[in-house]
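The structure under discussion appears below in the form of structure tokens.
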Amino acid sequence: MIQDGTRTGLADRYGRTATDLRVSLTDRCNLRCTYCMPEEGLDWLAKPELLTDDEVVRLVSVAVTHLGVHEIRFTGGEPLLRRGLVDIVRRTTDLAPRPEVSLTTNGIGLARQAVALKDAGLDRVNVSLDTVDQETFKKMTRRDRLQDVIAGLEAAHDAGLTPVKVNAVLMRGVNDSGAPQLLEFCLERGYELRFIEQMPLDAQHGWDRSTMITADEILGMLTERFHLTPDDASKRGSAPAESFLVDGGPQTVGIIASVTRPFCGDCDRVRLTADGQVRDCLFARTESDLRTALRAGADDAELADRWRRAMLNKLPGHGINDPSFLQPSRPMSAIGG
Ligand code: SAM
Ligand code: SF4
């Protein structure tokens, strides 16, 4: 039975309803960003644990047709490593009502796949790029692939996967001094840059509140080179980025202050891991298993019902700034950032 998404959608106990689903397609990655995972990588999920392409599409379809989800973002790990990506995107954009479909990627391999992804219906991409300095890139990602990312960005732009957004994380003494240069690079090419405060989601548990670069510091660094004025706040809605017009606009830069100015009260997100677990928050310490029910033959109504119930555990906030905060056991790359 198809239900009304607002009444029987993914509501939690605090008045929020999730309509934006982040789907992790793999926990594997071809980079090793220092704020995300260790040099040696992680114990990757075994193939039988991963949802198949059909299983991913089935769960996405339940979310869209039964639960009022209208935005799907594929992520990972590195989603471009998933062989069935183009087909998954095509089958997702074929759903009715058609959801907005986007991809968060490190951009490696995007030059090869951008046109096929666009043809499959992909609307937009977010490409992660923390620096445009080759040596710093190598140091931060432990791989010498800056040129591949730049080529991926260009291909996405040319294919019309716009607006191309760039996500950047700053680390003190590593890439922070290059923030204005990164903004210049994005402005020149028409990409929308957003800085994300580093969060305690790295596999090594190396995050330190006292050394992370705050949103206010980022603003300070950028205003040494650019004139920033707050963009119209009414455009923000539940979007996590605070947006600033650069030198009078129309181009903007965003700052996502997840740690210092949390936006949990407006959260409209829910996540599905590559092994079929629903997470109601990046920082959740519990997950709800949909894969077992799916493989046992549950129908759409039962899956939707399990998903709705999973949302009732969602806490009002992430609690990072609380002394009792505990980092979730899965890192960002396994949850789907
Ligand atoms: N591999 C893809 C990529 O890098 O875009 C998708 C997955 S990655 C986990 C998604 C986003 O999470 C990236 O923009 C990355 O910079 C960000 N990220 C990873 N670890 C983070 C952390 N500890 N704090 C803040 N952002 C983080
Ligand atoms: Fe890979 Fe993305 Fe994590 Fe970097 S941030 S290691 S690209 S999953």
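What you see is a predicted model; the values in this text were computed from it and never measured. Start at 1 and go down the list; that is how both ligands and their atoms are numbered.
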[atom]: nearest protein contact (heavy atom, Å):
atom	value
atom 6 (S) of ligand 2	C33 N, 3.3 Å
atom 1 (Fe) of ligand 2	C29 SG, 2.2 Å
atom 3 (C) of ligand 1	S128 OG, 3.3 Å
atom 8 (S) of ligand 1	G76 O, 4.4 Å
atom 21 (C) of ligand 1	Y35 CD1, 3.6 Å

Only heavy atoms of [X], strictly under 4.0 Å: list the atoms of ligand 1 that pass.
X	result
T104	2 (C), 5 (O), 6 (C), 10 (C)
M332	9 (C), 12 (O), 17 (C), 18 (N), 19 (C), 20 (N), 21 (C), 26 (N), 27 (C)
G77	1 (N), 2 (C), 6 (C), 7 (C)
T75	6 (C), 7 (C)
E197	25 (C)
N106	2 (C), 3 (C), 5 (O)

Quick look: T105 vs ligand 1, heavy-atom contacts under 4.0 Å, and the answer is backbone

Taken to the nearest 0.5 Å, the spacing of C186 SG from K165 NZ works out to 13.0 Å

What closest approach, in Å, do T34 and Q204 show between heavy atoms, and which atom pair accounts for it? O-NE2, 2.9 Å

Donor-acceptor check, side chain of R189 to backbone of F185, threshold 3.5 angstrom: yes or no? yes

Return yes when atom [atom1] of [X] has more than 12 non-hydrogen atoms of other residues, nucleotides or ligands closer than 6.0 Å, and no otherwise.
X	atom1	result
R172	CZ	yes
R112	CZ	no
R209	CZ	yes

Purely on distance, is any nitrogen or oxygen of Q198 under 3.5 Å from one on ligand 1? no

Answer yes or no: does an N/O atom from S333 fall short of 3.5 Å to an N/O atom of ligand 1? no

Min over R22, M212, M199 of heavy-atom distance to atom 24 (N) of ligand 1 lands on M199

Run through N106, T141, D148 and flag the one making a side chain to side chain donor-acceptor pair (under 3.5 Å) with N30. N106

Does any N, O or S atom in C36 come within less than 2.8 Å of atom 3 (Fe) of ligand 2? yes

Assess A168 for proximity to ligand 1: is some non-hydrogen atom of it under 4.0 Å away? no

